[in-house]
Amino acid sequence: MNKLLISKNQVKLSNLTKVLWPKKGYTKGDLINYYIEMYPMIQDYLIDRPLSLKLFPDGIKGKSFYRKDCPDYAPDWLSVIPIKSHSSGRLIKWITVNQLSDLVWIANQTAIELHAWLSTGEKLEYPDFAVFDLDPVRGMEDTVQVALIIKKILDELELKAYLKTSGASGLHIFIPVFPIYTYVQIRDLLKSIAEMVIEVKPELATIVWQKDKRKDKVYIDYRQNATNKTIPAPYSLRPTPAATVSTPLNWNELKQDLDPADFNLNNIKNRLDLYGDLWHDLLATRQHLPGFLL
DNA sequence: GTCCGGG
DNA sequence: CCCGGACAACGCTTT
DNA sequence: AAAGCG
Ligand SMILES: [Mn+2]
Ligand SMILES: [Mn+2]
């Protein structure tokens with residue numbers, strides 16, 4: 001049993017050689033190392049945000065499960081955000097990451113996927129970014145096209161937007177905002193923008209709720225902008241054979257042949273060396289939403 | 001990964 | 001003792 | 001009530 005002391009907090013690390021990504025041979029130790037190295041880049045999207053973790057104790061092929069409520073056996077220093085559910089009244093001690101030791105502890109729990117709220121504990125009702133979650137059915141080409149149309153509309157609205165791969169099959173667009181708008185306001189605005197896209201390309205994109213009525217169109221998921229919902233954090237690993245990473249992209253990287261598998265645990269460091277952290281300034285780029293659309 | 005309850 | 005089950009069978013929006 | 005989502 002290895003132990004790690006991180007600013008007074010002792011984290012016990014176990015089974016570091018256990019293989020979690022069989023095809024690539026990446027181990028639990030690689031997982032923990034990855035998040036330690038990525039902490040400077042990922043911290044903005046974890047600190048003081050309620051998190052939902054997807055754990056894979058037996059690797060990406062084994063049984064997995066989600067965890068958001070902090071278990072009793074967690075160390076007493078683990079950071080949590082207690083939130084009472086609006087509908088049921090149940091109190092959930094949401095796990096969060098306010099310090100490196102928190103991240104190392106959840107990594108040792110085999111948290112491959114880190115899903116975070118759009119708002120922080122400080123202002124739970126007011127997100128500091130809005131999110132377009134583009135869910136493809138057919139493939140990446142259509143999704144890229146939809147993303148470019150959204151980008152054009154956002155440019156016209158003079159809203160700066162940030163792009164990343166989801167790490168699975170889709171794309172995420174984050175629009176940083178001043179934390180003064182409610183989830184309802186943000187959701188309504190993004191719905192309007194989605195409707196503009198569909199007006200231009202009705203054969204390409206959809207926002208219909210019923211899955212079987214979406215055909216093979218790209219689902220522009222704006223409904224993700226809601227309390228209690230989460231989105232994979234930038235730089236979150238994914239349980240894919242290639243150990244993909246949800247990776248920030250430059251808008252000029254949006255090409256028809258974009259392949260999410262090209263952005264993974266193996267080459268993300270190299271990419272950071274080349275391009276730096278493309279999302280470094282995201283949270284500092286607070287924006288007001290266009291009043292005429294609210 | 002860890003706890004718990006039942007064999 | 002070991003094994004199987006639970007941990008987001010949650011909470012939220014929309015129809 | 002139930003679908004759909006992370
Ligand atoms: Mn998605
Ligand atoms: Mn979605």
Side-chain angles (χ1 to χ4, degrees), chain A residues 1-2 11-20 27-29 31-32 45 49-60 62-75 78 80-95 104-119 124-125 127 130-137 164 166-172 174 182-191 194-195 206-214 217-234 236 238-239 246:
Chain A
M1 180 76 74
N2 296 256
V11 191
K12 283 180 258 177
L13 306 178
S14 57
N15 298 323
L16 295 179
T17 56
K18 186 170 185 173
V19 173
L20 300 185
T27 63
K28 201 181 140 187
L31 167 68
I32 296 169
Y45 309 95
R49 290 176 199 280
L51 303 178
S52 183
L53 314 170
K54 196 168 189 189
L55 311 182
F56 295 79
D58 297 315
I60 67 170
K63 283 263 176 317
S64 63
F65 59 96
Y66 289 92
R67 162 151 290 147
K68 54 189 188 188
D69 201 2
C70 181
D72 293 337
Y73 55 80
L78 194 82
V80 298
I81 304 174
I83 300 174
K84 208 158 19 168
S85 140
H86 239 195
S87 54
S88 77
R90 184 165 87 108
L91 182 81
I92 294 183
K93 301 187 303 288
W94 288 77
I95 294 170
V104 175
W105 186 82
I106 65 177
N108 185 63
Q109 293 287 299
T110 65
I112 289 178
E113 286 189 349
L114 315 180
H115 303 244
W117 278 38
L118 283 55
S119 53
L124 277 177
E125 319 273 345
V131 174
F132 278 113
D133 170 24
L134 305 183
D135 293 330
V137 174
K164 69 180 177 78
S166 77
S169 58
L171 296 172
H172 294 156
F174 279 38
T182 64
Y183 278 105
V184 173
Q185 284 179 299
I186 285 174
R187 191 162 60 244
D188 287 351
L189 177 81
L190 265 54
K191 183 184 182 189
E195 283 166 343
T206 181
I207 56 169
V208 301
W209 186 240
Q210 299 256 357
K211 250 186 169 175
D212 51 8
K213 289 183 182 156
R214 288 182 201 158
K217 299 176 185 177
V218 176
Y219 178 51
I220 305 177
D221 188 357
Y222 63 86
R223 286 171 249 248
Q224 214 43 50
N225 298 270
T227 31
N228 227 290
K229 298 240 180 187
T230 57
I231 197 92
S236 171
R238 306 304 301 264
S246 180

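The sequence lines fix the lettering, A, B, ..., with proteins before strands; numbering per chain opens at 1.
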Would you check, one step at a time, whether the test side-chain contact (heavy atoms from CB on, under 4.5 Å) holds for A/Lys18 with A/Thr27? CA-CA 5 Å; A/Lys18 186 170 185 173; A/Thr27 63; 5.9 Å; no
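- Among the heavy atoms of the strands, none lies under 4.0 Å from A/Lys12.
- With hydrogens and angles ignored, the 3.5 Å screen pairs a side-chain donor or acceptor of A/Arg187 with a backbone N or O of A/Asn225.
- No more than 12 heavy atoms of other residues, nucleotides or ligands sit less than 6.0 Å from atom CD of A/Glu125.
- Using a 4.0 Å heavy-atom cutoff across all strands shown, A/Pro232 reaches sugar-phosphate atoms only and no base atom.
- In this structure, A/Leu114 places its CG atom 17 Å from P of D/dG6, rounding to the nearest Å.
- An anti base is found at C/dA8: its glycosidic angle is more than 90° from 0.
- Protein chain A contacts DNA chain B over a range whose 5' and 3' limits, counting nucleotides with an atom under 4.0 angstrom from a non-hydrogen atom, are B/dG1 to B/dC3.
- Going from atom CD of A/Gln224 over to atom NZ of A/Lys229 covers 5.0 Å, rounded to the nearest 0.5 Å.
- Here CD1 of A/Ile220 is found 7.0 Å from CZ of A/Phe132. Values are rounded to the nearest 0.5 Å.
- Nearest heavy atoms, A/Trp209 versus A/Arg214: O-NH2, 3.1 Å.
- Counting non-hydrogen atoms under 4.0 angstrom, A/Asp135 reaches the backbone sugars and phosphates but no base.
- Going from atom NZ of A/Lys213 over to atom C1' of D/dA3 covers 12 Å, rounded to whole Å.
- Of the C1' atoms belonging to D/dA2 and C/dA9, the separation is 14 Å, rounded to the nearest Å.
- Going from the P atom of C/dA8 to that of D/dG4 covers 24 Å, rounded to whole Å.
- Rounded to an integer number of Å, the gap from CG of A/Asp58 to P of C/dC3 is 14 Å.
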I'd like to compare against my own output: the B/S/- annotation of nucleotides 8-15 of chain C with a strict under-4.0 Å heavy-atom distance to protein. B-BBBBB-
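- No donor-acceptor pair under 3.5 Å is formed between the side chain of A/Asp221 and the backbone N or O of A/Leu134.
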Begin with the C-alpha distance, continue with both residues' side-chain angles, and end with the deciding distance and a verdict on side-chain contact (heavy atoms from CB on, under 4.5 Å) for A/Asn228 and A/Lys68. CA-CA 11 Å; A/Asn228 227 290; A/Lys68 54 189 188 188; 4.1 Å; yes
Which atom pairs, one a donor and one an acceptor, fall under 3.5 Å between side chains of residues 106-119 of chain A and the rest of the protein, sequence neighbours left out?
residue  : atom : partner  : partner atom : Å
A/Asn108 : OD1  : A/Ser14  : N            : 3.0
A/Asn108 : OD1  : A/Lys28  : NZ           : 2.9
A/Asn108 : ND2  : A/Lys12  : O            : 3.1
A/Thr110 : OG1  : A/Phe56  : N            : 3.3
A/Glu113 : OE1  : A/His115 : NE2          : 2.7
A/Glu113 : OE2  : A/Arg238 : NE           : 2.9
A/Glu113 : OE2  : A/Arg238 : NH2          : 3.1
A/Ser119 : OG   : A/Leu124 : O            : 2.7
A/Ser119 : OG   : A/Tyr183 : OH           : 2.7

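- The CG-P distance, from A/Asp221 to D/dA3, rounds to 18 Å in whole Å.
- A/Asp133 comes within contact range of the sugar-phosphate backbone alone, with a heavy-atom separation under 4.0 Å but no base atom that close.
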